[in-house]
Amino acid sequence: MSYPIETVRHSLAHVLAAAVQKLFPDVKFAGGPAIENGFYYDFDTEHRFSEEDFPKIEKEMRELIKSNGRFEQRFVDLDEAKGLFKFQPYKMEWLNEYDAAGEKLSVYTFRDFTDLCRGPHVESSKDLPRDSFKIRTVAGAYWKGDAKNKMLQRIYVDAFLTREDLEQFLKMQEEAAARDNRKLGKDMDLFHFEPEYAPGAVFWHNNGYRIYRKLIEYLRARQERAGYLEISTPSIMDRCLWERSGHWAKYGAHNYSGKTQDGKTFCVKPMSCPGGMLVFGQGIKSYKDLPLYLAEFGKVCRYEAAGGLSGLMRVREFTQDDAHIFCTEEQLETEVVKILRFIKDIYGKFGFDKISMKLATRPNSEFRIGSDEVWDKAEGALKHALDANGIEYEIAEGDAAFYGPKIDNYLRDSMGRVWQCGTVQLDMNLPERFDLSYVGEDGEKHRPIMLHRALLGSIERFMGVLLESTGGNLPLWLSPEPVVVTPISEKQADYANEVVSALRAAGVYCRADLRDEKVNYKIRELSLAKTPIIAVVGDKEMADKSVTLRHFGSDKQETIALADFVAQMAEAIKMPL
RNA sequence: GCCAGUUUAGCUCAGCUGGUAGAGCAUCUGAUUUGUAAUCAGAGGGUCGUUGGUUCAAGUCCGACAACUGGCACCA
């Protein structure tokens, strides 16, 4: 009998728990679901799991599977369940909170291990594979996902239906690791980190900074065409600004701040919004000025927890492609739709055809401001904008910011991890706190609706995802160095320089590789650095004013006239507006 | 911040049970002038993350701190 992979994974989680119980009898069980490529189970035991335990545990799991144990389901009432799990504090905590008088609870027993579990499970462990799972790692995880609770030990296991699937998965993981943004950053000479001097902050090298600048140039061009205005606000401002915005109370501890000689506390900006509010607040705004789009490529600094830093994906200093949109209530939905389309279109240009969207709704009342009516309206507007445009999304219950609901979009890195990138957020807080207003048709003052919006989110993070998705093989318009000209010997050095000059005159960034090395050597090295086009010039090319091209990922050669090449390149590096 | 692991030359890594460091690539010098993924030869380069301790002796054992990696929490 064959079962869905989720059932197999979940049943294997019980086998893991049974194996751990056998090897470490003091263990207390929390829970263990099936996940994307396998499953995990959370344990609490005096023993600290380490890699050395993995083979022992896997062996025990295989033994248990071999024993053809049955997964037996029983239904018990609450009191009976409390008796069964009286030595299992985590199960008891769950039972004590469980409030469903009269309802029966489902309990599964496999060998000596009994768990509170809805199932479904396989009938017998003979339905489970013995050689298509592998313990990946052990990691800490808080009970109930709350940092105030005890940290448990979570064992992650990769699990598939067949050995081939597992092996294929492991191989893919290996290949994905080769596309890690940190590795590509080194291979392509894009950036580096200085853990001693600036943990979590990027030192951009020429190549990386060229990509970074191109991303911003592209966004700027797109935004200008969409009617955005671009502003720039100070990096360091008095603490009282963030007190006014309400962020200090909530996030003050994550700010970089310091005292100045006049005894004031200044703070490096962790976000651009308050500055944007002050710009909007200048002069008198009319309803005729709305919607008003104020964009800012603001570099922001946040003291992120040390354990959360990760290459380009999570840094302490990054540039947001932020914008604040001021509009009327009637314009709100149209503006949200415009942003969503903007995001979709731009992501498509980077090759991200499907992006996952989440609508984050109001957090618990103690963590939010504004009345329920306003939240209803705000959430309704965002939801309607999504629905009316056939955009697929999930709802992230309670995940909104304290000041309003938002739509976030997520991209995955090469290892499948999900990162928040673009965002549309409705803010019911800042217009109030900065007392923003516009004069309406009726001659009265009105409060504008304000939307935060980021397309890529953080330039750093987006570049990280982009590098991983392309394996560093960027499209020509984004490539930091689309062409390198390589003479066969020093006899053609002058001609190589001539080719470079012609390309540069056409706006193509390039250089000649005049090193005293064999062509083979240079081809290899340039290929490893992912140079998209290598233009080789020898006596033949010099004689007839041509170049021989080799494109990344191919060993085909193509000889074309220099003038044609220059014209082609000038076209190929144009931004896809 | 929490849990686990890791930290040796510019990079990738070796150094078993403690006996004061090694490879490949890169760099530099010389030779070579090269036709599509590594030309040959020589040379230089490390207070083994930092800091305490154990020991006659520590890259190796123990502690603290830091950073990094993988998770968890956080993410305005």
Side-chain angles (χ1 to χ4, degrees), chain A residues 40 42 48-52 136-156 177 180 182-183 186-187 189 192-200 242 245-255 269-274 300 302-311 313-316 320 322 399-404 406 408 415 417 419-420 423 425 427 429-430 452 457-458 461 486-493 515-528 534-541 548-552 554-557 559:
Chain A
Y40 67 75
D42 287 347
R48 302 277 101 185
F49 292 117
S50 74
E51 254 179 64
E52 287 149 37
R136 181 174 30 182
T137 186
V138 56
Y142 297 107
W143 166 236
K144 287 183 173 172
D146 189 335
K148 289 196 284 289
N149 292 336
K150 184 169 186 187
M151 182 160 267
L152 310 170
Q153 297 186 76
R154 174 172 296 177
I155 295 181
Y156 282 95
D180 187 287
R182 290 159 291 207
K183 184 174 171 0
K186 263 180 200 152
D187 292 349
D189 192 16
H192 84 279
F193 289 92
E194 290 283 347
E196 189 187 349
Y197 302 116
W242 283 281
S245 74
H247 292 105
W248 187 269
K250 206 167 158 51
Y251 298 107
H254 297 279
N255 285 178
K269 74 173 168 190
M271 60 190 1
S272 300
C273 348
V300 297
R302 302 173 176 181
Y303 183 82
E304 301 284 4
L309 302 176
S310 178
M313 303 303 193
R314 190 83 183 268
V315 288
R316 285 183 173 154
Q320 275 183 324
D322 208 354
D399 271 359
F402 70 92
Y403 49 73
K406 56 177 182 166
D408 292 326
M415 300 301 285
R417 287 171 293 221
W419 299 96
Q420 193 211 112
T423 186
Q425 314 188 351
D427 193 321
N429 178 48
L430 290 177
H452 300 259
S458 138
R461 174 178 292 180
T486 304
I488 298 285
S489 79
E490 69 186 19
K491 283 182 290 181
Q492 302 92 22
R515 289 175 306 166
D516 172 20
E517 295 290 352
K518 289 191 162 183
V519 192
N520 278 318
Y521 179 88
K522 294 188 198 174
I523 297 274
R524 175 181 158 79
E525 208 175 54
L526 293 168
S527 299
L528 289 174
I534 302 171
V536 178
V537 293
D539 286 336
K540 273 192 306 193
E541 288 79 5
T548 296
L549 306 179
R550 180 192 171 111
H551 291 262
F552 180 82
S554 158
D555 55 5
K556 287 208 183 74
Q557 297 176 39
T559 302

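Just the heavy atoms: all of them, side chains too, but no hydrogens, waters or symmetry mates, feed the values below. Each chain gets a letter, A, B and so on, in the order its sequence line appears, and its residues count up from 1. Owing to the predicted nature of the structure, the values given are computational and were not obtained by experimental measurement.
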Can you tell me, in whole Å, how much space there is between the [atom1] of [N] and that of [M]?
N      : M      : atom1 : answer
B/rU20 : B/rA57 : C1'   : 8 Å
B/rG42 : B/rC48 : C1'   : 27 Å
B/rA26 : B/rC62 : P     : 38 Å
B/rC68 : B/rA31 : P     : 46 Å
B/rG10 : B/rU27 : C1'   : 8 Å
B/rU50 : B/rC72 : C1'   : 28 Å
B/rG46 : B/rU12 : C1'   : 16 Å
B/rA4  : B/rU17 : C1'   : 26 Å

Donor-acceptor pair under 3.5 Å, [X] side chain vs [N] base:
X      : N      : answer
A/R154 : B/rC3  : no
A/Y303 : B/rG1  : no
A/E541 : B/rG35 : yes
A/R302 : B/rC74 : no
A/N429 : B/rA76 : no
A/R550 : B/rA37 : yes

Are any of [X]'s side-chain N or O atoms less than 4.0 Å away from OP1 or OP2 of [N]?
X      : N      : result
A/N520 : B/rU36 : no
A/R314 : B/rC75 : no
A/K150 : B/rC2  : no
A/R417 : B/rG71 : yes
A/K522 : B/rG35 : no

Nucleotide nearest [X] (side chain, heavy atoms from C-beta), chosen from [options]:
X      : options                : value
A/A305 : B/rG35, B/rG1, B/rA37  : B/rG1
A/Q420 : B/rU36, B/rU33, B/rA76 : B/rA76
A/V536 : B/rU36, B/rC72, B/rC75 : B/rU36
A/R461 : B/rA76, B/rC75, B/rG35 : B/rC75
A/S489 : B/rG1, B/rA67, B/rU33  : B/rU33
A/D180 : B/rU36, B/rG70, B/rG35 : B/rG70
A/A139 : B/rU12, B/rC2, B/rG70  : B/rG70

Only pairs with both distances under 3.5 Å count, Watson-Crick or wobble alike; so what is the partner of [N] in this structure?
N      : answer
B/rC28 : B/rG42
B/rC2  : B/rG71
B/rA57 : none
B/rU17 : none
B/rU51 : B/rG63
B/rU36 : none

Main-chain N/O of [Y] paired with [X] side-chain donor or acceptor, under 3.5 Å:
X      : Y      : answer
A/D322 : A/H452 : no
A/R316 : A/E304 : yes
A/K522 : A/I534 : no
A/R461 : A/Q420 : yes
A/R302 : A/P270 : yes

> Between A/I534 and A/E51, which is nearer to the 5' end of RNA chain B once each is assigned its nearest nucleotide?
Replying inline: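 That would be A/E51.
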Problem - Nearest-nucleotide 5' precedence on RNA chain B, A/E304 against A/T137 - result: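 Upstream on the strand: A/T137.
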Contact string for nucleotides 24-30 of chain B, one letter per nucleotide 5' to 3', B = base within protein heavy-atom range under 4.0 Å, S = sugar-phosphate only, - = neither, reads --S----
What is the separation between atom [atom1] on [X] and atom [atom2] on [N], rounded to the nearest whole Å?
X      : N      : atom1 : atom2 : result
A/D42  : B/rA73 : CG    : P     : 10 Å
A/K491 : B/rU32 : NZ    : C1'   : 13 Å
A/D408 : B/rC75 : CG    : P     : 12 Å
A/N149 : B/rC74 : CG    : P     : 11 Å
A/Y197 : B/rA66 : OH    : C1'   : 13 Å
A/H247 : B/rA76 : NE2   : C1'   : 4 Å
A/R316 : B/rA67 : CZ    : C1'   : 10 Å
A/I523 : B/rU39 : CD1   : P     : 12 Å

If you define the side chain from C-beta out and look only at heavy atoms, does anything of A/V536 sit under 4.5 Å from A/E541?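 Heavy-atom side-chain distance check fails, nothing below 4.5 Å.
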Does any part of the side chain of A/R314, heavy atoms only, come nearer than 4.5 Å to the side chain of A/S458, both counted from C-beta?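 Counting from C-beta outward, A/S458 and A/R314 never come under 4.5 Å.
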Give one of base, sugar-phosphate or nothing for [X], where a contact means two heavy atoms less than 4.0 Å apart.
X      : value
A/H254 : base
A/K518 : base
A/G145 : sugar-phosphate
A/K148 : nothing
A/S50  : nothing
A/K269 : nothing

Review point. Taking the inter-plane angle between the rings of A/Y251 and A/F402 on a 0 to 90° scale, is it parallel (under 30°), tilted (30 to 60°) or perpendicular (over 60°)?
Key: tilted
Pairing of A/D408 and A/K406 as salt bridge, 4.0 angstrom limit: yes
